[in-house]
Structures are given as structure tokens and as C-alpha cells.
Colleague: 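Structure in C-alpha cells, see below.
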Amino acid sequence: MSYLEPFQSVALFENTFRHQLNKKTGKIDERKFVFDKHFGDGEGQLPVVPDRYRLIWMPGCPHSNKAMITLRLLGLDRVISVGECGVLRDPRGWIFSEDLGGVNPVLKIHYLDDAYLKGDPDFVGRSTVPAIADVTTGAIVQNEAWDIPKYFVVDWKKYHKENAPDLYPEKLRTEIDELSAFINKHINAYACGFARSQEAFDEGYVSYFEALETLEERLSTRRFLNGDYITLSDIHLYVALIRFHINYHLVFGVNKKRLEDYSNLWNYTRDIYQTEGFYDYTKLELIKRHYQQSPHMRAKLGNVYGLLGAGPDNRQLLSPTGREKLSADLENKFTYEKEDRQYMHIKMKQMKLHI
């Protein structure tokens, strides 16, 4: 069966998530990541070597989006290549449908699953994105979706571009980690969209909107979650909120309010969207298409004929937000890792200060 043909049952969804389905609770359990080695110089760690790895992402996936945005902001795309899966998976998994001939030019495969099997011939789980492949072997070596952005920030620091943004300042790391964990647990529309019982849906629904209210209040007095500058916790939240705007409200049933009904969260999302590195890799139409037309999602949501919604209207994403007034640094959305005197001179001149 072609992944574009209609179908009548939820068997495909059930099969896709068979390793995570909890029949007792009606919930989708957390994924277990098989390839969990860390980067570093220690024994058994993945060596931090330029041009050895390839990040595989898929534009519809929020975790993929975080990894790609972080890679780009730090300039690591100079030393880690990028491969992109199409937004429609078929029953076997993610495919390189947008590459010439449907074959990734570096890994020489059609299915991402083949790179997982090279990493572990006994692998029987769900091949997920983002994932990092070792181009010397063609094998997946790391797929801890939530943590890959932090690995790029911490473990790959020596390869960051000059004046890269400091997305994980040492003095804020505890706060960033706590906020990121809160976002991961509560800003989770999948708890509703993938629920298999009313009880599980209702629990996720209450948690989701209570968390949005908490963050709406937090963002009433600060431009970004941790203050004046974008950090890792903002990247985690942004990818979830932009998908709430485009898809979750419609297809996951988290419909108590729209993102636009939260003035601070809506302006915050637009403020970040308008930032270089975010705008470039937030592929709005592909995000919409992924959630509404992927076969496993169509099956779950009853979209038998693979129809694509006309909305939402995204024109307001580019209109001014006024949120810079909440910051002590009106001109900058980032603080920087390395600020040499010449760069500081430019920055301070922008702020109309004197050295």
C-alpha cells in the first residue's frame, strides 16, 4: 500500500508505536533511546571530530527542529553535515524522499531504519529523528532526541563559530534544566493526541493548559524564559508552541484556547520566529503536512482521505511584537560566548554606550 493511499483502520498507528503503547493507562510511554553514548574524549565516548557525523532531521518533528536550530545557531553545520527525511513516513519508517532518487547522498540509503540496523543489527524499535550517524560507518550512533541540542552546546563548544550565542550560560544552567524538564513534561500535546483512553486524554489536557497559563504569566515580565536572551529552554518551548499554532489545536484536540489567545506566549513565539536561525528552519507548510498527512497520523485522527487544512493564517508571525521593551538589551536577543574587544565595541555602540 502506498503511503498516500486511503485506509480504514488505526492498525498502522498501533504498529508504529507498538513499543510505547501502554494498554493499561492508554498513554504513550517515553521512548527508550538505544544509541545513548555521549560525545567526549573518554573511553567508550563518541569522539568530537569534525566532518565525521551527519545530523538526520525531519522538519515536522519538534525534537528534530530543536537539533537543527541549535546546530545552525552555533555554526556547527560547518563541521557536522545535515540530512533531511521527508515529512511522510511509510510503514517501515522515515525515508529520504526528497533526495535525488530517494537515496541519501552520504549514507547511500533510502530508509533511515537501515542506518539504525547498521548501528545495531538486532534493533527492533522505532527509528526516530533526530539521529546522528557516523559517516565512516553509515551507522546511527546517537539518538537521544531531547539531549542532542545540549550536546551541541556543551560537547562541541570548541567548534562553535566565533561569537556564537551562549545558549546555556553556566550561571543559569540549573534554571534552564528545570524549565526544560517542565516543558518536556507538561507542554506535551502528544499526551492528548496519542491518548488511547479518555482518562489519559483528560489528564494531558489539564496539564497542558495549566502549564501554558504558568508560562504566560512568566513571560509577562521578561522577554525570554530566562531573561533578556534566548537559551536552550526557549528552543524547547518555541518548537512546541509553533506546532500548537499550526497543528496541535486542530489535530490533537488541545482546543481550550488558541496560541493567539495567550498574548504573551503568542508575541513571544513571533519574536523568536523572526530570529535568524529560527525562521530559516521552521518550515511551516511541511510541519502542517507532516501532522495532517503522515499515514500513521491520518489513521489515528481519522483523516481517511489525507486532506490538508487551509489554515492557519501565518501572516501575523512577521508583524512587530514590542517584546524588546521587556529587555535591558533592546538590540540583542542573544548573549555571546566570546566577546572580544572589537565585537564589544560594536555591541556597545549599538546600545549607544561608550567604552
Side-chain angles (χ1 to χ4, degrees), residues 39 48 50-51 53-59 61-84 129-132 142 144-173 175-177 179-180 183-184 222-243 268-284 286-287 317-318 321 323-324 327 329 331-340 343-344 346-347 350:
F39 291 97
V48 180
D51 303 319
Y53 301 103
R54 188 168 181 84
L55 172 68
I56 307 301
W57 80 303
M58 187 276 292
C61 169
H63 296 303
S64 280
N65 209 173
K66 289 183 290 188
M68 189 64 225
I69 287 169
T70 305
L71 186 86
R72 179 60 177 149
L73 289 175
L74 299 175
L76 288 174
D77 49 335
R78 298 168 301 130
V79 295
I80 299 173
S81 67
V82 176
E84 182 177 317
V129 285
I132 297 176
Q142 170 55 244
E144 289 183 303
W146 187 260
D147 292 321
I148 285 175
K150 187 183 290 187
Y151 298 153
F152 287 159
V153 171
V154 177
D155 301 333
W156 284 82
K157 186 171 183 177
K158 65 182 177 181
Y159 292 108
H160 292 183
K161 67 181 181 181
E162 186 177 5
N163 297 321
D166 190 352
L167 301 172
Y168 196 45
E170 290 193 18
K171 65 180 180 180
L172 293 175
R173 287 188 175 183
E175 180 180 317
I176 291 170
D177 288 342
L179 272 168
S180 297
I183 293 162
N184 185 35
R222 61 190 80 196
R223 187 175 188 181
F224 303 110
L225 287 175
N226 301 100
D228 292 343
Y229 305 107
I230 292 172
T231 67
L232 276 178
S233 52
D234 294 295
I235 296 175
H236 286 303
L237 180 58
Y238 165 76
V239 298
L241 292 180
I242 199 72
R243 283 161 178 78
Y268 162 87
T269 302
R270 295 190 298 124
D271 192 14
I272 296 181
Y273 175 77
Q274 294 169 23
T275 305
E276 185 179 359
F278 289 85
Y279 173 89
D280 322 48
Y281 294 99
T282 304
K283 301 187 179 184
L284 300 174
L286 292 182
I287 292 171
L317 286 172
L318 292 173
T321 69
R323 286 193 62 81
E324 66 277 1
S327 174
D329 187 348
E331 300 293 332
N332 296 287
K333 296 182 181 182
F334 298 103
T335 187
Y336 298 89
E337 294 174 357
K338 178 183 177 183
E339 298 183 315
D340 58 32
Y343 182 77
M344 280 296 294
I346 295 172
K347 183 178 177 182
Q350 289 175 337

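Residues take their numbers from the sequence shown, with the count starting at 1.
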Colleague: Just verifying a value: how many Å separate R270 CZ and L318 CG, rounded to the nearest 0.5 Å?
Modeller: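 Rounded to the nearest 0.5 Å, the CZ-CG separation comes out at 9.5 Å.
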Colleague: Hey, could you give me the CG/NZ distance between L73 and K161, rounded to the nearest 0.5 Å?
Modeller: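 Nearest 0.5 Å value for the CG-NZ distance: 7.0 Å.
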Colleague: Please confirm whether the backbone N or O of L317 pairs with a side-chain atom of Q274, one donor and one acceptor, at under 3.5 Å?
Modeller: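 Side chain of Q274 to backbone of L317, a donor-acceptor pair under 3.5 Å: yes, one is there.
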Colleague: Measure the spacing between CG of L232 and CG of L172 and express it to the nearest 0.5 Å.
Modeller: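 Taking CG in L232 and CG in L172, the distance rounds to 11.0 Å.
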Colleague: Any salt bridge (Lys or Arg N to Asp or Glu O under 4.0 Å) involving residues 72-82? Give me the pairs, sequence neighbours left out, ordered by first then second residue.
Modeller: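 Pairs touching residues 72-82 that pass the test: R72-D77.
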Colleague: Quiz question: by atom type and distance under 3.5 Å, do the side chains of H63 and K66 form a donor-acceptor pair?
Modeller: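 A donor-acceptor contact under 3.5 Å links the two side chains.
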Colleague: On a heavy-atom basis, which atom in I69 and which in G277 lie closest, and how many Å separate them?
Modeller: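 Where I69 meets G277 most closely, the heavy atoms are CG1-O, 3.5 Å.
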Colleague: Looking at F152, Y159, W156, which one forms a ring pair (Phe, Tyr, Trp, His ring centres under 6.0 Å) with F39?
Modeller: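 Going through F152, Y159, W156 one by one, the ring pair (Phe, Tyr, Trp, His ring centres under 6.0 Å) with F39 is satisfied by W156 alone.
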Colleague: Under the side chain to side chain donor-acceptor pair (under 3.5 Å) test, which residues partner S233, sequence neighbours left out?
Modeller: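 Side chain to side chain donor-acceptor pair (under 3.5 Å) list for S233, sorted by chain: N226, T231.
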Colleague: If you define the side chain from C-beta out and look only at heavy atoms, does anything of N332 sit under 4.5 Å from S327?
Modeller: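 No; the side chains remain at least 4.5 Å from each other.
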Colleague: Please walk me through it: do I272 and L241 pass side chain to side chain contact (heavy atoms under 4.5 Å, CB included)?
Modeller: CA-CA 11 Å; I272 296 181; L241 292 180; over 6 Å; no
Colleague: Check whether the ring centres of Y229 and F334 lie less than 6.0 Å apart, and answer yes or no.
Modeller: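 When the ring centroids of Y229 and F334 are compared, they turn out to be at least 6.0 Å apart.
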Colleague: How close do S81 and R54 get, counting heavy atoms only, and between which atoms?
Modeller: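 Scanning both residues, the minimum pair turns out to be OG-NH1, 3.0 Å.
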Colleague: Would you say the side chain of L74 lies within less than 4.5 Å of the side chain of L167, judging by non-hydrogen atoms?
Modeller: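 In contact.
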Colleague: Do the side chain of N65 and the main chain of T282 share a donor and acceptor less than 3.5 angstrom apart?
Modeller: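 Looks like no, no N/O pair under 3.5 Å.
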Colleague: Minimum heavy-atom separation for P165 to E337, with atom names?
Modeller: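 Nearest heavy atoms, P165 then E337: O-OE2, 3.6 Å.
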Colleague: Using the test ring pair (Phe, Tyr, Trp, His ring centres under 6.0 Å), find all partners of F278 that sit at least two apart in sequence or belong to another chain.
Modeller: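 Counting only residues at least two positions away or on another chain, F278 forms a ring pair (Phe, Tyr, Trp, His ring centres under 6.0 Å) with Y238.
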Colleague: When you compare the side chains of Q142 and Y53, does any donor N or O come within less than 3.5 Å of an acceptor on the partner?
Modeller: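 Distance-only check fails for Q142 and Y53.
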Colleague: Going from OG1 on T335 to CD1 on I230, what distance comes out if it is rounded to the nearest 0.5 angstrom?
Modeller: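 Between atom OG1 of T335 and atom CD1 of I230 there are 12.0 Å.
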Colleague: What residues form a ring pair (Phe, Tyr, Trp, His ring centres under 6.0 Å) with Y168, not counting sequence neighbours?
Modeller: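 Checked Y168 against ring pair (Phe, Tyr, Trp, His ring centres under 6.0 Å); zero matches.
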Colleague: Report the C-alpha separation of L76 and H160 in whole Å, then their side-chain angles, then the decisive distance to 0.1 Å, and conclude whether the side chain to side chain contact (heavy atoms under 4.5 Å, CB included) test is met.
Modeller: CA-CA 6 Å; L76 288 174; H160 292 183; 4.0 Å; yes
Colleague: Sequence neighbours excluded, which residues qualify as side chain to side chain contact (heavy atoms under 4.5 Å, CB included) partners of V82?
Modeller: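 Side chain to side chain contact (heavy atoms under 4.5 Å, CB included) list for V82, sorted by chain: W57, M68, L71.
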Colleague: What closest approach, in Å, do V129 and M58 show between heavy atoms, and which atom pair accounts for it?
Modeller: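 Answer, listing the atom of V129 first, then M58: CG2-CB, 3.8 Å.
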Colleague: How are the rings of H236 and W146 set to each other: parallel, tilted or perpendicular (split at 30° and 60°)?
Modeller: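 Rings of H236 and W146: parallel, under 30°.
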Colleague: Between L284 and I242, does a side chain to side chain contact (heavy atoms under 4.5 Å, CB included) hold up when you go through it step by step?
Modeller: CA-CA 9 Å; L284 300 174; I242 199 72; 4.1 Å; yes
Colleague: Write down the atom of L225, the atom of D234, and the distance for their closest heavy-atom approach.
Modeller: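 Where L225 meets D234 most closely, the heavy atoms are N-OD1, 3.0 Å.
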Colleague: What's the shortest heavy-atom distance between D280 and T275, and which atoms?
Modeller: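 Residues D280 and T275, closest heavy atoms: OD1-O, 4.3 Å.
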Colleague: How would you list all residue pairs meeting salt bridge (Lys or Arg N to Asp or Glu O under 4.0 Å) that involve residues 222-232, not counting sequence neighbours?
Modeller: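 Found R223-D271.
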